[in-house]
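Worth saying up front: this structure is predicted, and the values here are computed from it rather than measured. Every heavy atom of this structure was used, including side-chain atoms; hydrogens, water molecules and symmetry mates were not. Order of listing sets the numbers, starting from 1, for every ligand and every atom in it.
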Amino acid sequence: MHEPAIPSLTGADPEVARLVQAEARRQFEKVRLIASENYVSTAVLEATGSVLTNKYSEGYAGRRYYEGQQVIDPVEELAVARAKTLFGADHANVQPYSGSPANLAVYMAFLDPGDTVMGMALPAGGHLTHGWGVSATGKWFRSVQYGVRKETGVVDLDQVRDLARAERPKVIFCGGTAIPRTIDFPAFAEIANEVGAVLAADIAHIAGLVAGGAHPSPVGHAQVITTTTHKTLRGPRGAMILTDAAHAKAIDKAVFPGLQGGPHNHTTAAIAVALGEALEPSFGLYAHAIVQNARALAAALIERGFDLISGGTDNHLILVDLTTKAIGGKPAAKALDRAGIEANYNTVPFDPRKPFDPSGVRLGTAAITTRGLTTDHMPQIAEWIDRAIRAAEDEQELDRIAAEVADLMAGYPMPGWA
Ligand SMILES: *Cc1c(COP(=O)(O)O)cnc(C)c1O
């Protein structure tokens with residue numbers, strides 16, 4: 001059963017309540033390896049479900065356009081203070097509705113339409129909002145894109161430098177959604193400084209690792225840092241922008257009134273709770289355990305003959321290249337899902353296949369680490385992945401694996417399930 005219990009919802013709208021319960025059960029029974037997902041604490045769930053959702057508060061603490069901010073102001077100030085402490089940043093804006101609007105605020109703050117932005121190409125591991133063509137950021141701005149080296153699968157900093165010198169972007173984004181290796185923030189900062197660009201580090205995926213000391217911090221290198229709050233950071237769905245003192249005002253103005261209206265105060269409260277949790281010493285252990293699990297899972301997959309982009313991982317994320325396995329990423333992800341192992345199909349760098357059925361599967365260990373799985377479990381998970389991909393057409397075998405998966409996960413508590 002969903003925990004906290006949902007008796008009012010069950011009485012008022014049994015149809016929605018049944019779906020919520022079904023999702024809670026699904027999350028409990030599966031090995032969830034989607035690299036951008038996690039399980040939030042029940043404290044975060046409660047803050048998200050609170051009456052703070054009833055309140056409008058356009059503006060910032062002390063400078064609002066609506067009355068009745070006696071409680072909302074301290075809630076937002078608490079979230080901001082904790083964000084600044086956790087990351088050691090001069091300034092934090094906790095109002096962006098999610099990661100994509102947070103990145104849009106960077107464009108709003110430092111670029112005019114048609115100006116040049118540089119980001120990592122989506123198929124190389126970047127995000128849509130780093131200037132990819134189908135995104136507003138690629139349509140309304142002049143976007144130049146860097147990639148990874150074919151031989152290593154790692155970002156090509158020589159290409160980044162050459163492109164930056166030739167194209168003189170106003171903003172350079174580093175970071176992405178499918179980067180299994182450490183991001184070299186000092187190297188990006190050197191290039192950005194040389195060409196006079198603002199460096200925006202998008203740490204959506206790795207924010208929890210940065211907070212927990214398991215990945216170097218961009219603070220002091222990137223003037224602007226954007227992040228979601230719901231991936232490795234383990235908070236509610238939302239986002240934050242951290243800046244140095246010089247770039248604070250431009251970002252605040254871009255978020256409100258530039259792009260958004262009223263902030264989602266229930267989310268702000270839940271972000272404050274999650275940041276409070278991340279300030280506990282135990283969060284550092286969690287962040288390091290995520291990386292240890294990813295390394296162990298990567299090693300176990302390599303042992304079973306899987307090709308991993310860049311040959312392994314430094315963080316929470318593994319990008320499996322299935323080119324040599326005679327199966328596409330999509331049927332592989334579907335087989336894994338049927339076998340109780342949730343992942344997403346993903347392009348790999350220089351992918352010969354089409355984006356809707358690419359060659360890769362992306363895996364991440366943030367959620368299973370929250371459940372309490374350790375490096376000892378990773379060979380078993382690699383075995384299930386191997387079996388499921390071999391048995392992609394064999395529904396009985398996939399169901400057998402799903403039963404084994406549910407059996408294991410039944411022993412590991414899930415916040416949000418009792
Ligand atoms: C997830 C992600 C985003 C977007 O976040 P949404 O909340 O889904 O809009 C932006 N940048 C990166 C690098 C991400 O991984």
Side-chain angles (χ1 to χ4, degrees), residues 32-38 40 44 48 93-108 117-132 134-138 141 143 145-148 155 171-185 188 199-211 215 217-218 222 224-242 251 254-255 259-260 263-264 267-268 270-271 274 290 294 313-319 343-347 349 360 362-367:
R32 295 176 58 229
L33 296 178
I34 292 180
S36 49
E37 293 184 354
N38 211 325
V40 300
V44 168
T48 308
N93 185 310
V94 297
Q95 293 193 3
Y97 298 141
S98 213
S100 304
N103 283 345
L104 210 50
V106 176
Y107 291 78
M108 182 86 193
V117 63
M118 189 162 117
M120 194 176 199
L122 183 72
H127 191 260
L128 280 165
T129 54
H130 298 180
W132 191 241
V134 298
S135 154
T137 62
F141 300 89
S143 161
Q145 305 258 281
Y146 59 86
V148 295
V155 65
V171 172
I172 298 175
F173 274 93
C174 62
T177 60
I179 302 174
R181 294 297 181 178
T182 301
I183 299 163
D184 189 344
F185 298 121
F188 272 101
L199 179 63
D202 180 348
I203 60 166
H205 262 266
I206 55 171
L209 305 183
V210 171
H215 187 290
S217 170
V224 178
I225 298 161
T226 63
T227 183
T228 56
T229 46
H230 48 270
K231 298 179 184 175
T232 54
L233 191 55
R234 209 162 63 178
R237 307 198 78 78
M240 307 190 296
I241 306 176
L242 311 170
I251 284 293
V255 172
L259 284 171
Q260 298 190 170
H264 294 179
T267 301
T268 305
I271 289 172
I290 293 173
T313 180
D314 297 327
N315 53 32
H316 65 301
L317 189 147
I318 297 165
L319 193 53
N344 66 279
Y345 62 84
N346 214 101
T347 52
R362 190 184 66 159
L363 310 173
T365 52

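- Applying the 4.0 Å criterion to heavy atoms of Thr228 picks out, from ligand 1, the atoms 5 (O), 7 (O).
- Annotation for ligand 1: atoms under 4.0 Å from non-hydrogen atoms of Ser100 are 4 (C), 5 (O), 6 (P), 9 (O).
- The heavy atom nearest to atom 15 (O) of ligand 1, considering only His127, Lys231, Arg237, is found in Lys231.
- Here the rule is side chain to side chain contact (heavy atoms under 4.5 Å, CB included) with Ile251, and of Thr226, Leu242, Val224 only Val224 fits it.
- Listed by atom number, the atoms of ligand 1 under 4.0 Å from Asn103 heavy atoms are 10 (C), 11 (N).
- Every atom of ligand 1 with a heavy atom of His230 under 4.0 Å away is listed here by number and element: 7 (O).
- The option from Ile206, Thr229, Asp202, Ile203 that lies nearest to atom 13 (C) of ligand 1, judged by heavy atoms, is Asp202.
- Considering His215, His205, Lys231 in turn, His205 is the only one that fulfils the side-chain hydrogen bond (donor to acceptor under 3.5 Å, both in side chains) rule with His316.
- In this structure the side chain of Ile241 reaches within 4.5 angstrom of the side chain of Pro96, judged on heavy atoms.
- Each of the atoms 15 (O) of ligand 1 lies under 4.0 Å from some heavy atom of His205.
- Between Cys174 and the options Ile183, Ile203, Asp202, a side chain to side chain contact (heavy atoms under 4.5 Å, CB included) holds for only Ile183.
- Less than 4.0 angstrom separates some heavy atom of Gly99 from each of these atoms of ligand 1: 4 (C), 5 (O), 6 (P), 7 (O), 9 (O).
- Ser98 meets the side chain to side chain donor-acceptor pair (under 3.5 Å) test with no other residue; sequence neighbours excluded.
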Only distances under 3.5 Å count here; give the side-chain donor-acceptor pairs of residues 120-127 to other protein atoms, sequence neighbours excluded, each with its distance to 0.1 Å.
| residue | atom | partner | partner atom | Å |
| --- | --- | --- | --- | --- |
| His127 | ND1 | Thr129 | N | 3.1 |
| His127 | ND1 | Thr129 | OG1 | 2.7 |

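- Among all non-hydrogen protein atoms, the one lying nearest atom 7 (O) of ligand 1 is Ser98 OG, 2.4 Å.
- If you take CG on Leu317 and CZ on Arg181, they are separated by 11.0 Å, rounding to the nearest 0.5 Å.
- Close N/O approach between Thr177 and ligand 1 is not found [any backbone or side-chain N/O within under 3.5 Å].
- Residue contacts with ligand 1 include Gly176, since one of its heavy atoms falls under 4.0 Å from the ligand.
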TODO: Check the pair Thr228, Arg237 against side-chain contact (heavy atoms from CB on, under 4.5 Å), reporting the backbone distance first and the verdict last.
DONE: CA-CA 7 Å; Thr228 56; Arg237 307 198 78 78; over 6 Å; no
